[in-house]
Amino acid sequence: MTIKEYLGKIKELKIDEIKVNHIEKQYSEGIPKNVKRLISNCDKTIFFDNDNILRLLSFSEIMNAEKDLHVDFKSRNMIPLFDCGDNDFIVYNYKDANWAKFNIIDEVIFKTENNLEEVF
């Protein structure tokens with residue numbers, strides 16, 4: 001499945017309030033529905049068919065990202081959601097309500113967009 005197919009399918013997905021509440025306690029309250037749907041559908045890692053190594057992080061990876069990746073995502077107002085390979089992650093910036101790629105080694109934000117599909 002491609003990322004575009006996946007994003008189309010989750011538009012009607014029921015939101016798992018239990019998972020969302022855990023993420024909101026970890027990062028920030030009031031995240032938008034499209035982020036809630038991603039979180040609701042991440043029981044396990046999902047890999048996508050494309051030229052890059054792209055995967056949706058699992059719920060436990062999102063919850064433990066700060067510890068596992070050694071990055072203080074909360075102080076940066078970011079929720080990591082996709083691993084793009086090469087230490088790049090697609091994050092949702094809940095303070096600015098946008099999407100970006102973030103390199104966890106260089107701690108650099110790049111390719112900031114308002115629409116998730118434009119970040120890929």
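Source: prediction; values computed, not measured.
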Tyr6 and Asn41 side chains, donor-acceptor separation under 3.5 Å:
yes
Compute whether any side-chain donor of one residue and acceptor of the other, for Asn114 and Asn98, lie under 3.5 angstrom apart.
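Asn114 vs Asn98: no donor-acceptor pair found between side chains.
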So do the side chains of [X] and [Y] get within less than 4.5 Å of each other, counting heavy atoms only?
{"X": "Ile39", "Y": "Ile31", "result": "yes"}
{"X": "Glu66", "Y": "Val71", "result": "no"}
{"X": "Val20", "Y": "Ile15", "result": "yes"}
{"X": "Arg76", "Y": "Lys95", "result": "no"}
{"X": "Glu118", "Y": "Lys111", "result": "no"}
{"X": "Trp99", "Y": "Leu81", "result": "yes"}
{"X": "Lys101", "Y": "Ile109", "result": "no"}
{"X": "Leu56", "Y": "Phe47", "result": "no"}

Counting only heavy atoms not in Glu29 (residues, nucleotides, ligands), do more than 12 fall under 6.0 Å from its CD?
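At most 12 heavy atoms, drawn from other residues, nucleotides or ligands, come within 6.0 Å of this atom.
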Looking at [X] and [Y], would you say the former's side chain and the latter's main chain have a donor-acceptor pair under 3.5 Å?
{"X": "Asp16", "Y": "Lys19", "answer": "yes"}
{"X": "Glu24", "Y": "Gly30", "answer": "yes"}
{"X": "Asp88", "Y": "Cys84", "answer": "no"}

Just verifying a value: how many Å separate [X] [atom1] and [Y] [atom2], rounded to the nearest 0.5 Å?
{"X": "Lys74", "Y": "Ser28", "atom1": "NZ", "atom2": "OG", "value": "8.0 Å"}
{"X": "Thr45", "Y": "Glu61", "atom1": "OG1", "atom2": "CD", "value": "4.0 Å"}
{"X": "Asn64", "Y": "Phe59", "atom1": "CG", "atom2": "CZ", "value": "9.0 Å"}
{"X": "Leu13", "Y": "Ser40", "atom1": "CG", "atom2": "OG", "value": "6.0 Å"}
{"X": "Lys36", "Y": "Ile23", "atom1": "NZ", "atom2": "CD1", "value": "12.5 Å"}

Centroid separation Phe110 to Phe102 less than 6.0 Å
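No, too far apart.
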Quick check on the hydrophobic clustering: are [X] and [Y] connected, directly or via other members, by side-chain heavy-atom contacts under 4.5 Å?
{"X": "Ile10", "Y": "Ile79", "answer": "yes"}
{"X": "Val108", "Y": "Tyr92", "answer": "no"}
{"X": "Ile105", "Y": "Leu69", "answer": "yes"}

Going through the distances and angles, do Asn93 and Asn77 end up as a side chain to side chain donor-acceptor pair (under 3.5 Å)?
CA-CA 6 Å; Asn93 180 322; Asn77 305 308; 5.2 Å; no
Less than 4.0 Å between a side-chain N and a carboxylate O, is that true for Asp83 and Arg55?
yes
Charged N-O contact under 4.0 Å between Arg37 and Glu12:
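Looking at Glu12 together with Arg37, the answer is no, because their closest N to O distance does not fall below 4.0 Å.
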Heavy-atom closest contact (Met1 atom, Glu5 atom, distance)
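Scanning both residues, the minimum pair turns out to be CA-OE1, 3.3 Å.
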Would you check, one step at a time, whether the test ring pair (Phe, Tyr, Trp, His ring centres under 6.0 Å) holds for Phe120 with Phe82?
CA-CA 10 Å; Phe120 298 104; Phe82 293 91; 5.3 Å; yes
Working note: Phe73 + Ile62, criterion side-chain contact (heavy atoms from CB on, under 4.5 Å); need CA distance, chi angles, decisive distance, verdict.
CA-CA 10 Å; Phe73 287 103; Ile62 297 168; over 6 Å; no
